[in-house]
Amino acid sequence: DAGVTQSPTHLIKTRGQQVTLRCSPKSGHDTVSWYQQALGQGPQFIFQYYEEEERQRGNFPDRFSGHQFPNYSSELNVNALLLGDSALYLCASRDGTSSGNTIYFGEGSWLTVV
Amino acid sequence: GDSVTQMEGPVTLSEEAFLTINCTYTATGYPSLFWYVQYPGEGLQLLLKATKADDKGSNKGFEATYRKETTSFHLEKGSVQVSDSAVYFCALSEGGTSYGKLTFGQGTILTVHP
């Protein structure tokens with residue numbers, strides 16, 4: 001049973017460019033969240049998707065947007081990249097039918113903005 | 001808003017030493033509490049959790065007790081191994097519609113020497 005998978009693993013972008021990161025949740029999971037983890041820091045919640053809609057959002061600007069597809073996979077888009085967007089982006093999934101279900105994380109996508 | 005504070009690291013121990021990593025939290029409601037571990041080059045893994053006051057979460061020799069009166073969830077292990085070297089994150093999640101949004105501490109780096 002595959003866990004949470006993310007792509008790409010690493011990427012380098014230039015300031016001002018746009019990036020799309022992808023996530024496939026663990027089998028049977030319908031809720032996907034995205035986190036940003038800067039070097040040496042704990043992950044920060046960006047947003048959560050359920051039934052193809054954004055359900056919750058953290059304190060991130062509108063440059064950060066997302067999408068969830070009917071198969072529950074998700075994309076994170078970041079526009080007008082800044083140097084400060086360089087971080088590890090983590091995707092997490094859970095079965096949204098019960099509040100007690102465990103949250104599983106992928107290995108992340110390392111984004112470097114130069 | 002919600003917040004989690006962990007003891008500052010890094011923590012360096014010899015094998016078989018006793019480990020304590022302190023964690024305190026601030027929350028508006030009655031959160032669930034978690035410890036996640038991040039091994040080098042890997043994603044976050046749930047180590048243990050507790051969902052109500054006085055609950056003790058345990059896994060792989062690690063334990064933490066949910067102390068509502070002191071708003072704490074300290075991680076302990078009686079005898080650490082070299083393989084326990086990793087970054088440890090304390091986290092909380094509020095209930096209801098906010099479940100699935102994790103608020104993390106800044107992480108504590110643990111290094112265990114033979």
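Each chain gets a letter, A, B and so on, in the order its sequence line appears, and its residues count up from 1.
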query = In terms of hydrophobic clusters joined by side-chain contacts under 4.5 Å, are A:V19 and A:L88 together?
reply = no
_Residue pair A:T102, B:K49: steps toward the side chain to side chain contact (heavy atoms under 4.5 Å, CB included) verdict_ = CA-CA 9 Å; A:T102 299; B:K49 69 177 183 181; 3.9 Å; yes
CZ of B:F104 to CZ of A:F45, rounded to nearest 0.5 Å, is 11.0 Å
Original post:
Got more than 12 heavy atoms from elsewhere within 6.0 Å of CD, B:E16?
Top reply: no
Query raised in the report: Considering residues, nucleotides and ligands other than A:E53, do more than 12 of their heavy atoms fall under 6.0 Å from its CD?
Result: no
Bottom line for B:Q6: the part with an atom under 4.5 Å from chain A's heavy atoms is neither
*Following the transitive rule for hydrophobic clusters with a side-chain heavy-atom cut-off under 4.5 Å over Ile, Leu, Val, Met, Phe, Trp and Tyr, establish whether B:M7 and B:Y25 coincide in one cluster.*
yes
Transitive ILVMFWY side-chain link B:Y30 to B:V4, under 4.5 Å: yes
So NZ of B:K101 and CD1 of A:I103: to nearest 0.5 Å the spacing works out to 12.0 Å
Using the rule that Ile, Leu, Val, Met, Phe, Trp and Tyr join whenever any side-chain heavy atoms are under 4.5 Å apart, tell me whether B:L47 and A:V4 fall into a single cluster. no
Bottom line for A:Q37: the part with an atom under 4.5 Å from chain B's heavy atoms is side chain
Discussion item. Strictly distance-based, threshold 3.5 Å: is any side-chain N or O of A:Y104 a donor or acceptor partner for the main-chain N or O of B:L44?
Written reply: no
- [ ] Give a yes or no on whether A:L39 atom CG has more than 12 heavy-atom contacts from other residues, nucleotides or ligands under 6.0 Å away.
- [x] no
To the nearest 0.5 Å, atom CG of B:L102 lies from atom CD of A:Q44 at 11.5 Å
Cut-off 4.5 Å, heavy atoms of chain B, and the answer for A:F47 is neither
(Q) I'd like to check A:P43 versus B:Y36 (side-chain heavy atoms, cut-off strictly below 4.5 Å). Are they in contact? (A) no
The reported gap from CZ in A:F105 to CD in B:E42 (rounded to nearest 0.5 angstrom) is 14.5 Å
